[in-house]
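These values consider heavy atoms only, across backbone and side chains, with no hydrogens, waters or symmetry-generated copies. Proteins come first, then strands; the chains are lettered A, B, ... in the order of their sequence lines, and each starts at number 1.
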There are 2 protein chains.
Amino acid sequence: MVKERVTVIDIAHAAGVSKSTVSLVLQGSSLVNEATRAKVNAAIRDLGYVYNRGAANLRQAKSKIIGIVVNDLTNSFFAELAVGVDAVVQSAGFVQFLANTGEKIERQREVVASMREHGVSGLIVSPARGTEVADLAPLVDSGIPVVLVVRDIAGADVSSLISDNHAGAMAAVRHLIERGHQRIAFLGGFPDTAVFEARMRGYRDALIETGIAGSDALIIGSAPSRAGGVTAVEQAMMLADRPTAALCFNDAVAFGVCDGLRARRLEPGADFAVIGFDDVIEAKTAVPALTTVSVDPQGMGQRAAELLLKQIKAGKAEPEAIVSSVRLVVRQSCGAAVERKREVLA
Amino acid sequence: MVKERVTVIDIAHAAGVSKSTVSLVLQGSSLVNEATRAKVNAAIRDLGYVYNRGAANLRQAKSKIIGIVVNDLTNSFFAELAVGVDAVVQSAGFVQFLANTGEKIERQREVVASMREHGVSGLIVSPARGTEVADLAPLVDSGIPVVLVVRDIAGADVSSLISDNHAGAMAAVRHLIERGHQRIAFLGGFPDTAVFEARMRGYRDALIETGIAGSDALIIGSAPSRAGGVTAVEQAMMLADRPTAALCFNDAVAFGVCDGLRARRLEPGADFAVIGFDDVIEAKTAVPALTTVSVDPQGMGQRAAELLLKQIKAGKAEPEAIVSSVRLVVRQSCGAAVERKREVLA
DNA sequence: TGACGAAATTGGAACGTTCCAATTATGAAA
DNA sequence: TTTCATAATTGGAACGTTCCAATTTCGTCA
């Protein structure tokens with residue numbers, strides 16, 4: 001069972017043509033006669049030929065590979081992002097190299113280097129916390145198109161696609177204020193990230209706009225995870241002047257906040273309003289259904305991939321900074337349903 | 001800014017040695033003198049050389065790529081599986097091609113073909129529903145090591161790593177019976193899959209073993225998702241003789257079941273016992289914390305990767321069928337905490 | 001029949017690396 | 001000094017494809 005690799009030369013022999021003709025058939029050229037094309041295809045089938053993309057890439061100095069590196073695949077937001085990318089990338093005939101950095105700069109350096117060595121023709125990156133412009137420099141001046149998603153890096157000369165965190169947070173807080181809340185907390189997330197910064201500013205600006213006095217005590221950072229949400233809400237409820245509502249850094253935190261609330265015998269939605277951020281797939285089916293700022297991770301992945309593909313095709317593309325708009329999806333966790341019921345009864 | 005590719009020849013010139021020597025340095029050969037090694041490395045750094053793995057693969061007829069294809073990356077079980085694979089694969093100096101089939105056979109065919117063309121040296125596959133032996137045949141007889149994870153394919157001549165679904169389900173149901181439950185449902189999952197089959201048999205066998213009369217009405221299939229769990233429990237609660245406990249097909253279903261229960265003003269854990277399967281990352285922090293059969297997806301990914309790597313190294317490896325043992329993690333959703341409290345009080 | 005343009009086919013070089021066999025440098029022993 | 005083993009280095013072929021320029025085949029028209 002020693003498998004000799006079948007090459008174009010083998011099938012050229014079998015079909016009685018030259019290797020050049022076989023190559024032409026392989027790339028679907030219209031130059032080749034119908035009859036010979038059929039012969040060649042038959043030989044390909046018979047010998048079980050497998051195209052060697054590596055050899056082709058070597059000759060053409062370009063690959064059909066795009067890389068995607070995310071900072072936490074365990075977070076379903078990023079998993080969905082990857083799925084979105086995959087969908088468009090596949091149907092464009094590319095294949096996806098996916099790597100997970102687990103938020104580690106060192107790992108990120110390694111995987112990016114590895115992708116370069118494999119000759120990816122473009123890269124979609126959700127950078128790990130603490131990534132600097134210098135980390136991307138080698139990439140950009142070797143001319144590989146890069147699209148940053150989710151997190152931007154100030155000063156980096158590459159395209160980016162981030163959601164409108166500021167506007168989303170404002171919309172959420174305005175909604176809470178309209179429902180009569182005054183003590184509104186901002187819970188979860190690492191304060192040293194750009195995303196936190198943007199969402200928190202949106203939160204603040206909405207408060208200022210309506211003349212509500214905020215307080216730094218109501219801004220409580222934590223890991224951007226479910227567990228982080230639990231601890232953040234616990235801390236919030238220890239405050240002398242307790243909040244009655246919270247905008248959470250993301251949906252994972254929001255779920256944690258709901259958990260923490262229930263642990264204190266408070267029903268999220270009824271006794272305390274919770275709004276998340278991202279609209280992950282579980283947000284809709286959770287109980288209570290989570291009111292959240294919809295970011296559509298899968299759609300973002302698709303748009304990022306399309307942007308990247310465009311740049312690859314263009315050869316040399318101007319960096320483009322897209323901020324993807326965002327909308328508040330009102331469900332039950334902010335008390336909307338309850339309010340509505342009350343209105344009907346009144 | 002026209003970037004000429006820097007090759008070994010360029011750095012050979014710069015360092016005043018031959019390309020062969022450069023190649024030797026690149027692969028860390030001990031044959032080369034310390035001084036020249038230093039010179040070469042300096043040149044590599046100065047010229048910004050990037051190793052061309054494609055060219056190397058072509059010459060060596062082997063790559064450092066392993067492929068992983070999963071059927072649903074959106075499900076965090078598989079995302080974690082991929083993370084586990086990634087971890088060991090990376091540290092073995094390989095890189096991971098990840099593709100998502102979204103449970104579509106056609107897509108699976110495409111991605112597997114694509115991976116072959118890219119010369120992956122091994123493949124980890126969680127096959128889409130309905131995958132047949134024939135789908136894997138071309139792979140196995142071209143000698144590419146394949147490891148099936150999560151789902152097995154009867155008659156396929158490849159290694160597999162699946163969890164002990166039967167034993168896990170039995171343990172869960174026994175636990176429920178010990179707590180005094182008699183009407184136990186099996187909720188969620190597609191009945192035409194091997195995994196469903198195995199878990200359901202475990203459920204049945206535990207019932208039989210203890211002489212409890214089961215009923216097919218208590219076995220309710222659904223999509224293996226949170227939404228599926230909601231509908232399954234709704235259906236279960238319409239039964240004349242309602243169950244008081246349920247083993248769920250997986251954790252996603254279990255969460256859905258909890259949601260559905262709460263929608264009927266029943267508290268999971270207190271009013272109705274719920275056990276999941278998989279032990280995804282959220283199971284621990286959910287409220288109530290989910291009692292579940294721990295499968296450790298990340299660990300499974302690691303073991304699968306190790307198995308694959310072993311086979312790649314061995315060149316020609318015997319198919320190995322590993323069933324990975326599994327343990328019941330008792331948390332709150334099955335009422336354990338409540339029971340314990342009661343015992344203490346008594 | 002010859003000529004001609006279009007259609008189809010072809011051989012060889014090239015892509016960037018590794019491997020092999022061969023060569024040269026080095027140093028110790030005679 | 002010569003000799004020899006060992007350490008370092010090296011040129012060229014090879015991997016499987018695509019591209020280019022060149023060639024052959026074909027049908028049509030004069």
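Across the protein-nucleic acid pair, A:K62 atom NZ and D:dT17 atom P stand 17 Å apart, rounded to whole Å. Summarising the geometry, the separation between CD on B:Q60 and P on D:dA14 is reported as 17 Å, rounded to the nearest angstrom. Between A:L26 atom CG and D:dT17 atom C1' the separation is 9 Å, expressed in whole Å. Straight-line distance from the CG atom of B:L58 to the P atom of D:dA13: 17 Å, rounded to whole Å. When rounded to the nearest whole Å, the span between OH of A:Y51 and P of D:dC15 equals 18 Å. Atom NE2 of B:H118 is separated from atom P of D:dT17 by 13 Å (rounded to the nearest Å). The CG atom of A:N33 sits 11 Å away from the P atom of C:dT10 (whole-angstrom rounding). A:K19 has its NZ atom 10 Å from the P atom of C:dT10, to the nearest Å.
Two residues are said to be in side-chain contact when any heavy atoms from C-beta on lie closer than 4.5 Å; A:M300 and A:V295 meet this criterion.
Salt-bridge check for B:E34 with B:R37: passed, with a basic side-chain N closer than 4.0 Å to an acidic carboxylate O.
Residue A:S20 places its side chain closer to C:dG12 than to any other of C:dA8, D:dC15, C:dG12. Comparing C:dT9, C:dT18, C:dG11 against the side chain of A:L24 picks out C:dT9 as the nearest. Taking the side chain of B:N52 as heavy atoms from C-beta on, and the options C:dT10, C:dT17, C:dG11, the nearest nucleotide is C:dT17. Here D:dT9 is the nucleotide among D:dC15, D:dC19, D:dT9 with the atom lying nearest to any side-chain atom of B:L31. The side chain of A:I9 lies closest to D:dT17 when the candidates are D:dT18, C:dT10, D:dT17. Closest contact between the side chain of B:R59 and the listed nucleotides C:dG16, C:dT9, D:dT18 involves C:dG16.
Once rounded to the nearest 0.5 Å, the distance linking CD1 of A:I68 with CG of A:D86 reads 8.5 Å.
No more than 12 heavy atoms of other residues, nucleotides or ligands lie within 6.0 Å of CD in A:E132, so this atom counts as exposed by the packing criterion. The neighbour count for A:D157 CG, taken as heavy atoms of other residues, nucleotides or ligands under 6.0 Å away, does not exceed 12.
Remark: B:Q27 is not in phosphate contact with C:dT17, judged by side-chain N or O atoms under 4.0 Å from OP1 or OP2. Applying the 4.0 Å criterion to OP1 and OP2 of D:dT17, one finds that A:S23 has every side-chain N and O outside that range.
Residue-level contact check: B:T7 touches the backbone only, with heavy atoms under 4.0 Å from sugar-phosphate atoms and none from bases. Residue-level contact check: B:A61 touches neither bases nor backbone, having no heavy atom under 4.0 Å from any strand.
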